[in-house]
2 protein chains.
Amino acid sequence: MKKNKKYDCAMGCPVEATLDLIGGKWKGVVLYHLVDGTLRFNELRRRLNGVTQRMLTKQLRELEECGLVVRKVYAEVPPRVEYRLSKQGETLKPIIAALADWGKKRLAAAA
Amino acid sequence: MKKNKKYDCAMGCPVEATLDLIGGKWKGVVLYHLVDGTLRFNELRRRLNGVTQRMLTKQLRELEECGLVVRKVYAEVPPRVEYRLSKQGETLKPIIAALADWGKKRLAAAA
DNA sequence: CAGTATCCACCTAGATACTG
DNA sequence: CAGTATCTAGGTGGATACTG
């Protein structure tokens, strides 16, 4: 996420490393929706109520860069670009599921 | 985290709600260290290499406000303040552990 | 020891307009 | 359709000094 991020928290804070990847406003949610399978750019956009094109593009690029998401461009007109979890990204599934589950319970309890 | 946050992502993004609580630069790490038990302010500070007093105070207040952490002040001189996970916070343990575990593997793989 | 109080650089994220 | 390009407000986090 950060350019020159050093994980120098001496006693080791692997949590920090993980949150750096899935934190931010949209990354976790993007991942959450990709768990169910491949999605095209605009499909993703519709699922992420309120995200701007710029932001979605940015988040996807970062997720791609750190190897969690795969971007596949089809040489067609109109253009088609699909996004899916990489092998690395797949390993996040249980975590995403846990986050979603916890969030559901919390939202339910608050209501 | 945000004041007037509305979780209006129509299809439901409970992940967003959760990340909003444990995201940010320090919250997850604070939680991570509190999993092992109660800690005093400065103990926590030493474990979070690089955090400033201001930041740690702020993060702790927010965690307290959303009911994940309990703050206990002892009427002593010198002052003593202890922080621990609330009952709600305890339910995050498996998630924190999962995040830490995943982060460890990823850092190991990168090395 | 465990905070507050200021001040400030930077980044995140949004709005908007344009393009291959 | 799937982006890029600009511009900008506001928030996040950091530095530093002070206090009960």
Side-chain angles (χ1 to χ4, degrees), chain A residues 1-9 13 16 19-30 33-34 38-66 69-84, chain B residues 1-9 13 16 19-30 33-34 38-66 69-84:
Chain A
M1 193 175 175
K2 298 285 192 300
K3 307 296 164 60
N4 310 319
K5 193 65 184 288
K6 300 185 195 70
Y7 298 108
D8 54 5
C9 186
C13 301
E16 191 184 1
L19 285 178
D20 224 43
L21 297 178
I22 67 174
K25 185 159 182 185
W26 301 105
K27 294 218 184 70
V29 191
V30 168
H33 286 290
L34 286 181
T38 299
L39 288 176
R40 299 182 54 174
F41 186 84
N42 273 354
E43 287 176 330
L44 210 40
R45 187 142 98 100
R46 274 187 290 275
R47 277 173 175 73
L48 270 57
N49 207 344
V51 75
T52 58
Q53 280 186 329
R54 179 179 125 77
M55 265 301 118
L56 183 52
T57 302
K58 194 161 161 289
Q59 305 301 307
L60 285 169
R61 286 294 185 286
E62 290 178 9
L63 287 170
E64 192 193 355
E65 191 187 0
C66 65
V69 158
V70 175
R71 179 170 180 263
K72 184 162 185 181
V73 185
Y74 292 83
E76 301 176 356
V77 177
R80 178 154 59 113
V81 181
E82 290 182 348
Y83 294 89
R84 63 177 174 79
Chain B
M1 194 177 176
K2 298 285 192 301
K3 308 297 165 59
N4 309 319
K5 193 65 185 289
K6 299 186 195 71
Y7 298 109
D8 54 4
C9 186
C13 301
E16 189 185 2
L19 286 177
D20 224 44
L21 297 178
I22 67 174
K25 185 161 183 183
W26 302 104
K27 295 218 184 73
V29 191
V30 168
H33 286 289
L34 286 181
T38 300
L39 287 175
R40 298 181 55 171
F41 186 84
N42 273 354
E43 288 176 330
L44 210 39
R45 186 142 98 100
R46 275 187 290 274
R47 277 175 175 71
L48 271 56
N49 206 344
V51 75
T52 58
Q53 282 186 329
R54 178 180 125 75
M55 266 300 118
L56 183 53
T57 302
K58 196 163 158 289
Q59 305 302 307
L60 285 168
R61 287 294 185 287
E62 289 177 11
L63 287 170
E64 192 192 355
E65 192 187 0
C66 64
V69 158
V70 175
R71 179 168 179 265
K72 183 161 186 184
V73 184
Y74 292 84
E76 303 175 356
V77 176
R80 177 154 60 113
V81 181
E82 290 182 348
Y83 294 91
R84 62 177 176 79

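As the structure is a prediction and not an experimental result, all values here were calculated from the model. Just so it is clear: chains get the letters A, B, ... in the order the sequence lines come, proteins before strands, and each one is counted from 1.
With rounding to whole Å, B:Leu19 atom CG is found 16 Å from C:dT12 atom P. For the pair B:Arg45 CZ and C:dA2 P, the computed distance is 10 Å after rounding to whole Å. In this structure, OH of A:Tyr74 is placed 25 Å from P of C:dG20, rounded to the nearest angstrom. To the nearest angstrom, C1' of D:dT12 lies 10 Å from NZ of B:Lys27. Straight-line distance from the CE atom of B:Met55 to the C1' atom of C:dA2: 16 Å, rounded to whole Å. Rounded to an integer number of Å, the gap from CZ of B:Phe41 to P of D:dT19 is 18 Å. B:Asp20 places its CG atom 11 Å from the P atom of C:dA13, with the value rounded to the nearest Å. At whole-Å resolution of the value, CD in A:Glu64 and C1' in D:dA2 are 14 Å apart.
Checking C:dG3, C:dA13, D:dG3 against the side-chain heavy atoms of B:Arg61 singles out C:dG3 as nearest. With C:dA17, C:dA2, C:dA13 as the candidates, the nucleotide lying closest to the side chain of A:Gln53 is C:dA17. Closest contact between the side chain of A:Thr52 and the listed nucleotides D:dG13, D:dC1, C:dA15 involves C:dA15.
Ranked by how close their nearest DNA chain C nucleotide is to the 5' end, B:Leu60 and A:Pro79 are led by B:Leu60. Nearest-nucleotide positions on DNA chain D for A:Thr57 and A:Pro78 put A:Pro78 closer to the 5' end.
Here A:Glu65 does not pair with A:Arg61 in a salt bridge; the nearest charged N to carboxylate O distance is not below 4.0 Å. A:Glu82 has a carboxylate O that lies under 4.0 Å from a charged side-chain N of A:Arg80, or vice versa, which qualifies the two as a salt bridge.
Side-chain contact between B:Leu34 and B:Leu63 is absent, with no heavy-atom pair separated by less than 4.5 Å.
A sub-4.0 Å separation between OP1 or OP2 of D:dG3 and a side-chain N or O of A:Arg71 is present. Contact check, A:Arg46 against D:dA2: no side-chain N or O comes under 4.0 Å of OP1 or OP2. Using a 4.0 Å cut-off, no side-chain N or O of B:Arg40 falls inside it from OP1 or OP2 of C:dG3. For the OP1/OP2 pair of C:dG14 and a distance below 4.0 Å, the side-chain nitrogens and oxygens of A:Lys58 include no atom meeting the criterion.
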Test salt bridge (charged side-chain N to carboxylate O under 4.0 Å, His left out) applied to B:Glu43 and B:Arg47, step by step = CA-CA 6 Å; B:Glu43 288 176 330; B:Arg47 277 175 175 71; 5.4 Å; no
message = Does B:Arg45 form a side chain to side chain contact (heavy atoms under 4.5 Å, CB included) with B:Asn42? I'd like the steps, not just the answer.
response = CA-CA 5 Å; B:Arg45 186 142 98 100; B:Asn42 273 354; 3.6 Å; yes
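Considering every non-hydrogen atom in both B:Trp26 and B:Leu48, the closest pair reads CE3-CD2, 4.0 Å.
Across all strands, B:Tyr83 comes closer than 4.0 Å only to sugar-phosphate atoms, never to a base (heavy-atom distances).
Within the helix from C:dC1-D:dG20 to C:dG20-D:dC1, the inter-axis angle between the opening and closing five-pair segments is 60°, rounded to 10°.
In this model, a side-chain donor or acceptor of A:Arg54 finds a partner on the base of C:dA13 within 3.5 Å.
Rounding to the nearest 0.5 angstrom, the gap separating the OH atom in A:Tyr83 from the NE2 atom in A:His33 is 16.0 Å. Considering CD of B:Glu16 and CG of B:Leu21, their distance stands at 11.0 Å, rounded to 0.5 Å.
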